**Student:** 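Input: one structure, supplied below.
Order of appearance sets the numbers: ligands from 1, and atoms from 1 within every ligand. All values reported here derive from a predicted model rather than from experimental measurement.
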Amino acid sequence: VISLARQKFLVPDRAGMPEPSKYASVVMPGGEHRVAGSTEATRGCKHLCRHCPIVPVYNGAFRVVRARVVLEDIRQQVAAGARHITFGDPDFFNGPSHAISIVEAMHREFPELTYDVTIKIEHLRKQDALLPALRDTGCLFVTSAVESVDDAVLEKFDKGHTRADFLAVAARFRELGMTLLPTFVPFTPWTTLEGYSDLLGVLAQESLTENVAPIQLAIRLLIPAGSRLLELPEVARWWVRSIPRRSCFPGSMKTREWTLSRVKFLSWCSAAIALNFRARKFLGTFAAPQTRPPEIARRTRSRILYQRARRCRISMSPGIAAPSRWTFNSCPSGK
Ligand code: SF4
């Protein structure tokens with residue numbers, strides 16, 4: 001049952017749950033493992049980003065959990081051994097004053113406790129003045145759904161930020177000595193090879209390679225029932241053409257993956273890059289081709305030829321035409 005009505009949230013009853021040490025822990029730079037707890041200061045989200053799976057459920061509604069309840073929940077988790085708290089709010093700055101009052105109270109009571117939050121780039125820009133307060137109250141890192149560095153894709157997602165905003169936030173975090181963990185949806189129907197290379201280049205230039213989990217370079221766009229992406233005529237058109245009539249969409253809430261074979265292939269390439277090659281080394285070979293040693297140049301060329309061959313093969317498999325600036329059917333022969 002989903003209820004979006006205003007509620008009087010209670011302190012979660014965690015009795016009977018496995019002790020916090022059985023869950024994930026945060027590994028600090030010195031190697032120390034901190035048991036991580038989790039709580040929420042709000043539920044839902046007031047934004048309507050087109051690609052977001054929260055929107056079909058909450059549709060712009062968000063509900064505040066009273067500070068007293070949140071702090072009591074933190075207290076019981078600290079008593080059980082937690083030394084780090086992850087705030088699971090879809091966006092911690094949907095209610096910035098509420099959020100800051102909670103972390104300040106938490107820090108007063110538990111000065112050694114660290115925490116992490118998720119905040120969208122738009123809010124990080126608008127609430128710039130609150131960032132030092134996060135840092136000074138023990139915020140270890142901020143996760144932010146950047147999704148793309150291509151302004152055209154960001155506009156389709158209705159994300160509320162641009163590439164320039166992301167770069168400004170990255171610079172601000174460096175200035176403040178804070179850690180930004182950007183997340184991405186690199187594989188969409190609008191992804192091009194140039195765009196993907198650009199994303200890797202931006203991460204290298206901004207010294208964010210180590211801050212991006214490898215899986216973030218392999219994520220594909222998901223379109224759940226009720227997604228606002230279906231408002232876009234081209235998406236609705238592709239959707240109808242790519243989903244067989246027997247599909248349960250849209251009568252069910254099951255999530256359907258975008259199953260373009262080419263997108264899937266690019267995803268595999270990405271996983272190979274991220275997991276099997278050291279991303280930084282890979283980027284280095286592309287960032288400075290003129291200084292590439294002959295052996296690396298030879299291996300890089302082999303890799304490119306291999307990818308082109310795979311791509312050409314995949315382009316012959318059934319699927320729909322990707323609206324790419326560099327269409328896969330016209331990919332170079334590799335000569
Ligand atoms: S992507 Fe983030 S900000 Fe946008 S609707 Fe989803 S939770 Fe809210």
**Student:** Once you measure the plane-to-plane angle for F157 and H51, does it fall in the parallel (<30°), tilted (30-60°) or perpendicular (>60°) bin?
**Tutor:**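 Ring orientation, 0 to 90° scale: parallel.
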**Student:** Could you pull out, from A145, G44, S144, P90, the option with a heavy atom nearest to atom 7 (S) of ligand 1?
**Tutor:**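 Minimum heavy-atom distance to atom 7 (S) of ligand 1 goes to P90.
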**Student:** Against heavy atoms of V55, which atoms of ligand 1 measure under 4.0 Å?
**Tutor:** 5 (S)
**Student:** Just jot down the ligand 1 atoms closer than 4.0 angstrom to any heavy atom of H47, in number order.
**Tutor:**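 Checking each atom against H47, I get 3 (S), 5 (S), 8 (Fe).
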**Student:** If you have a sec, work out which protein heavy atom is nearest atom 4 (Fe) of ligand 1 and how many Å separate them, to one decimal?
**Tutor:**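 Checking every protein heavy atom, the shortest distance to atom 4 (Fe) of ligand 1 gives C49 SG, 2.3 Å.
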**Student:** Numbering the atoms of ligand 1 from 1, which are under 4.0 Å from a heavy atom of K159?
**Tutor:** 1 (S)
**Student:** Are more than 12 heavy atoms, taken from residues, nucleotides or ligands other than K46, located less than 6.0 Å from that residue's NZ atom?
**Tutor:** yes
**Student:** Of all the non-hydrogen atoms in the protein, which one sits nearest to atom 3 (S) of ligand 1, and at what distance?
**Tutor:** K120 CE, 3.2 Å
**Student:** Just need the protein heavy atom nearest to atom 6 (Fe) of ligand 1, so name the residue and atom and give the distance.
**Tutor:** C52 SG, 2.3 Å
**Student:** Show your reasoning for whether side-chain contact (heavy atoms from CB on, under 4.5 Å) applies to E175 and R172.
**Tutor:** CA-CA 5 Å; E175 184 188 325; R172 180 72 173 137; 2.9 Å; yes
**Student:** Are R125 and E122 within salt-bridge range, i.e. N to O under 4.0 Å?
**Tutor:**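 Judged by the 4.0 Å cut-off on N to carboxylate O distance, R125 and E122 do not form a salt bridge.
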**Student:** Is K159 paired with D165 through a side-chain N to carboxylate O contact shorter than 4.0 Å?
**Tutor:** no
**Student:** Hey, are the side chains of L154 and H161 touching, using non-hydrogen atoms and a 4.5 Å cut-off?
**Tutor:** yes
**Student:** Please work out whether any backbone atom (N, CA, C, O) or any side-chain heavy atom from C-beta onward of C45 is under 4.0 Å from ligand 1, and answer side chain, backbone, both or neither.
**Tutor:**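 The part of C45 near ligand 1 is the side chain, not the backbone.
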